[in-house]
Amino acid sequence: MIAPACFADASCRRNTMSRYNAAEAEPKWRRVWDEMNAFKAERDPAKPKYYVLEMFPYPSGRIHMGHVRNYAMGDVIARYKRAQGFNVLHPMGWDAFGMPAENAAMERGSHPATWTYDNIAAMREQLKMMGLSLDWSREFATCDPEYYAQQQAMFLDMYKAGLVYRKSSTVNWDPVDMTVLANEQVIDGKGWRSGAPVERRELTQWFFRISDMAGELLEAIDGLTAWPEKVRLMQRNWIGKSRGLQFAFEVLDAPAGHEKLEVYTTRPDTLLGASFAAIAADHPLAGALAGDNAELSDFIARCRRMGTSEEELEKAEKIGFDTGLRVRHPFDPDWTLPVYVANFILMDYGTGAIFGCPAHDQRDLDFARKYGLPVTDVYCAQGSDERVGDEAYVPLKSEPVRYLLPLAGEEIMSGDQGVDAAIARCEAEGVGEGVINYRLRDWGVSRQRYWGCPIPIIHCDSCGPVPVLREQLPVKLPEDVTFDKPGNPLDRHPTWGHVACPDCGGAARRETDTMDTFADSSWYYARFTNPHAETPTDPDDVAYWMNVDQYIGGVEHAILHLLYSRFWARAMHLTGHLPKSAIEPFDALFTQGMVCHETYRASDGRWLTPAEVSDKDGAKIETATGAPVNIGPSVKMSKSKKNVVDPEHIIAEYGADTARWFMLSDSPPERDVEWTAAGAEAAARHLQRVWRLADEIADQRSATESNATADDTLRRVTHKVIDGVTQDIDGFAFNKAVARLYELTNAIAKSGDASATARREAIAALAQLMAPMTPHLAEEIWARLGEATPLVASGWPKADPALLVEDLIRLPVQVNGKKRGEIEVAKDAAKDDIESAALADASVIRAIGGATPRKVIVVPGRIVNVVI
RNA sequence: GCCCGGGUGGUGGAAUGGUAGACACGGCAGACUCAAAAUCUGCUGCUCUUGCGAGCGUGCGAGUUCGAGUCUCGCCCCGGGCACCA
């Protein structure tokens, strides 16, 4: 038989080009890793450990591109550290309690547990398709009784340690559905289902004493040097330390028990500019006055018809109600101020009462103008006599100003100095005292919902709240519940709540509040170190594995989740569940950006998914109708705008490696990334190109015409890329690492005249360097090169320092800061030699145009600047 | 409203105060092909110029510096968080 001519003809080899089949190779390598138990983490004191953790997902039902990005990044770190010889812990679990399961139960009658565990099963399969180097043997869900049993045990330990207490606080109340609403369920002040205006209602709820740790949590931020600066700053601002004065106004003709009105101010230096006092609608004094004042109780009711979120309170129009009551100014017995109830005073902050100085606070000024109150300037800018008009004068506290009405201190001083002087005088005269205050409030953990961790307390009419006995934990959620009625199913369950008091044995009722899901996610990182221990943690395991060396997640968790975790770790230490060394559980933090996509709308305004849209003649059309499509801006992928791409489809079409590679390319990890179909295709094409090169080189026996220069060039690139990628991964610059890997690929493609040895070294290094990002393809290449041991068990390449240094370097030459030429000099050339070489360059001479250089700046290895 | 980020070619982005645009996408041209796809090679910030080259250019406006995308001040626009979404 005559072979087709094509086989003999080199140019025809392209027609028989080898293709990498991801659909075949990816499951194969995942089986190999599974059989090797490659990612199972075991304690081994002989090896350095590395704990890498990505924020665990909420089991919504399907993974989305944000998950792909988050877990691709974590997997790069995990595989990279493993290659470097670390004993890596890289676990996965589920943040499985929360409202969506109850919503699903209401909408389609599924039980929250069924819905949740079904979702987990589906998402686990999807995550497995990504080829992540996870230790699945440690998997758990926070809704597993085994997990929340330990959370209840810790709650009781913390209760005993005085870290938990009950107090009254406000919730959003839907008066029609008779249920508590989350902030996101309040839309324009109305309940999302009923449409009824929400009310603020007082409930007795459970709280963690996080505010007692405010100072400690603030100071410890200084030690979190491997956290993003912006997160540290956001946490500092959230804790909000302030120094101020707390003092009491004397109330004239006060209702009984309210002879003194305690106020807190951070600007006691403006006390002589006070024009009114204001109290929160929830202030006890307001309640006392409302008793015999229908108008005032109406006003208070109006204030309570606002949502509970700070945003809503701040944005609302500032209104007040003159109580008719007056308070005496502490520094002038003849001077009295009116007392208002105002909607912008928070009962939770300070004492729930303030004095207003309109000249130096815009909110107070607006309020004063509205109610015709006096505006008295306390200070003005140095060298200016301008008085406050419609804009309050609010300079930085560090800026020196001229005091017109100083309470104490110099005429010219900064606000900070003025505050210090004012506090000193007030303390000396017994008017009040300087106090440190924090914005941070105690953490309210009570939720009036079913799908959460039950709070293990029993309420007894004679004994009060009593902890559930240890041996009776966990307090399990009852399974026979219905969601056909609004409100908490635990409240109306016929039997679950009725128990005997552990103390007196009398009839008592279970607590029906469950815990905020932030509690569940505040300690899961510690549980991963031994997920089936019969205590919350095992001392040996936490000692070995904690802390998390690298934590990765969305910046949307920058404040609450991370702050609560820092608190809970401290609380676990105080109750004996974590060593002192683990009170800051996350040594390093990385916050990744979101995944965005263009938005598409049909002419009638319908949102269209990218899958419903196709290209025609350079424009986008709706595939089903052929009608043109309006392209909107690229925004975070969301169901409401339908701009979502299903990772499962991408993986089915191109393979997991392509999805991972694309996610890591181009965009810096901390910034948003835009998913484009073109980008995904390009990523797939590149991976094929790498495979073809590997396939070709694997068969290359010797160089066709090897030459030393070609080898040297290729080897220099190879080692420079090894060095660069290593640094880039260490610095979380995956996009830069990818760019370097493209450079190495390009260099290999152009290295046809290099020896087989040099090309093999290069392609092997490329496989090793790509392994953290595209693990399946890297294994396939590694095997194609004839390596017997899987790549997952081989190490990380090392750059040869000798190949990283260049003897000759090119230096740009500027004339008056503009680049005019370039010279080539020895790496260690003397400054004088560089200067004369620069001045001898033809284009530099032309640019100087005969003028005499006034100065020549030589920055060795960087630049030359000739100043004329 | 308050706190925190971000803004660089047609696009995603790169750049210890030192050559702005690495790398990629897209586009253009060429090779291979009957043709197309795939692949390979080259070019590609904008304006002027046949060319050599010149001017302009990192959201806007000032400033510091021999030199600013980078530092300082003042604006504009976009995004995240605001305590019961997770």
Side-chain angles (χ1 to χ4, degrees), chain A residues 11-12 14-15 17 55 57-58 60 95 97-100 171-172 180-186 205 210 228-231 233-234 236-238 240 308-316 318 344 348 362-363 439-449 516-518 521 554-561 563-564 591 593-594 596 633-636 665-668 670-674 676 678-679 681-683 685-686 688-689 692 733 735-736 738-743 746 749 810-822 843 854-857 859 861-868:
Chain A
S11 69
C12 255
R14 293 195 197 108
N15 290 336
M17 275 182 316
M55 289 178 186
Y58 178 80
S60 57
D95 189 12
F97 276 136
M99 284 201 314
V171 294
N172 298 309
V180 176
L181 298 177
N183 282 336
E184 75 157 10
Q185 295 174 319
V186 179
Q205 307 197 77
I210 188 173
E229 197 47 54
K230 66 170 172 180
V231 175
L233 192 55
M234 281 192 269
R236 286 194 183 101
N237 289 338
W238 188 260
T308 57
S309 80
E310 187 172 315
E311 182 189 4
E312 208 171 331
L313 297 175
E314 282 290 323
K315 276 187 176 167
K318 309 297 179 289
F344 58 95
D348 289 318
Q362 191 60 45
R363 207 163 48 179
R439 202 184 79 98
L440 181 66
R441 313 201 290 253
D442 275 337
W443 173 13
V445 286
S446 282
R447 297 292 181 268
Q448 293 72 37
R449 301 185 204 292
D516 179 7
T517 58
F518 273 125
S521 56
V555 71
E556 66 272 21
H557 294 296
I559 296 174
L560 293 181
H561 162 61
L563 191 62
Y564 292 151
T591 53
M594 300 176 306
C596 301
S634 184
V635 296
K636 179 183 178 174
S665 314
D666 288 358
S667 294
E670 67 278 13
R671 293 246 288 267
D672 292 351
V673 65
E674 191 186 348
T676 61
E681 273 163 37
R685 273 205 305 277
H686 176 74
Q688 286 295 345
R689 181 172 180 235
R692 276 195 307 277
N735 56 322
K736 289 197 266 173
V738 167
R740 286 184 209 275
L741 293 169
Y742 272 107
E743 282 178 56
N746 291 340
R810 302 177 77 80
L811 278 188
V813 183
Q814 295 180 334
V815 177
N816 283 349
K818 288 195 172 211
K819 188 200 166 192
R820 298 295 175 177
E822 207 169 51
S843 48
R854 285 197 291 128
K855 196 166 156 192
V856 180
I857 294 151
V859 185
R862 277 289 172 194
I863 204 164
V864 181
N865 192 9
V866 181
V867 186
I868 57 169

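Computation of the quantities below employed the complete heavy-atom set of this structure, encompassing side-chain atoms and omitting hydrogens, waters and symmetry-equivalent molecules. Chain letters run A, B, ... following the sequence lines, proteins first, then strands; residues in each count from 1. Being a predicted model, the structure only gives us computed values, none of them experimental.
For Arg692(A), counting side-chain heavy atoms from C-beta on, the closest listed nucleotide (rG80(B), rA86(B), rC40(B)) is rC40(B). When distances run from any side-chain atom of Glu184(A) to the nucleotides rC85(B), rG81(B), rC84(B), the shortest one goes to rC85(B). The listed nucleotides are rC66(B), rG81(B), rG5(B); the one nearest the side chain of Leu233(A) is rG5(B). When each of rC66(B), rG1(B), rA86(B) is scored by its nearest atom to the side-chain atoms of Lys315(A), the top-ranked nucleotide is rG1(B).
The residue Thr517(A) sits close only to the backbone: its heavy atoms come under 4.0 Å of sugar-phosphate atoms, none of a base. Phe344(A) comes within contact range of no nucleotide atom at all, as no heavy-atom separation falls under 4.0 Å. Using a 4.0 Å heavy-atom criterion, one finds that Ser446(A) contacts the bases of the nucleic acid, with or without backbone contacts as well. Residue-level contact check: Trp443(A) touches neither bases nor backbone, having no heavy atom under 4.0 Å from any strand. Contact annotation for Arg820(A): backbone-only contact, meaning every heavy-atom pair under 4.0 Å involves sugar-phosphate atoms and none involves a base. Contact annotation for Val673(A): no contact, since no heavy-atom pair falls under 4.0 Å across all strands. At a threshold of 4.0 angstrom between heavy atoms, the contacts of Gly554(A) with the nucleic acid are absent. Within 4.0 Å (heavy atoms only), Met594(A) reaches sugar-phosphate atoms of the nucleic acid but no base atom. At the heavy-atom level, His686(A) lies nowhere under 4.0 Å from the strands shown. Across all strands, Val866(A) comes closer than 4.0 Å to no nucleic acid atom at all (heavy-atom distances).
Using the Watson-Crick or G-U wobble rule with both distances under 3.5 Å, rG5(B) pairs with rC78(B). A 3.5 Å limit on both hydrogen-bonding distances identifies rU47(B) as the Watson-Crick or G-U partner of rA54(B). Pair assignment for rA14(B): none, as no Watson-Crick or G-U wobble contacts are both less than 3.5 Å.
For a distance-only test at 3.5 Å, the side chain of Gln205(A) qualifies as a donor-acceptor partner of the base of rC84(B). The base of rC2(B) lies outside donor-acceptor range of the side chain of Glu311(A), with no N or O pair under 3.5 Å. The base of rC82(B) does not come close enough to the side chain of Glu310(A) for any donor and acceptor atom to sit less than 3.5 Å apart.
Between Tyr742(A) and His686(A), the ring-plane angle classifies as tilted under the 30° and 60° cut-offs.
Donor-acceptor pairing under 3.5 Å is lacking for the side chains of Arg854(A) and Asn816(A).
A distance of 5.0 Å separates CD of Glu314(A) from CZ of Arg363(A), quoted to the nearest 0.5 Å.
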### Summary
With B for base contact, S for sugar-phosphate-only contact and - for none (protein heavy atoms under 4.0 Å), nucleotides 14-26 of chain B reads SSB-BB--BSSSS

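Spacing between atom CD of Glu674(A) and atom P of rG79(B) amounts to 14 Å, rounded to whole angstrom units.
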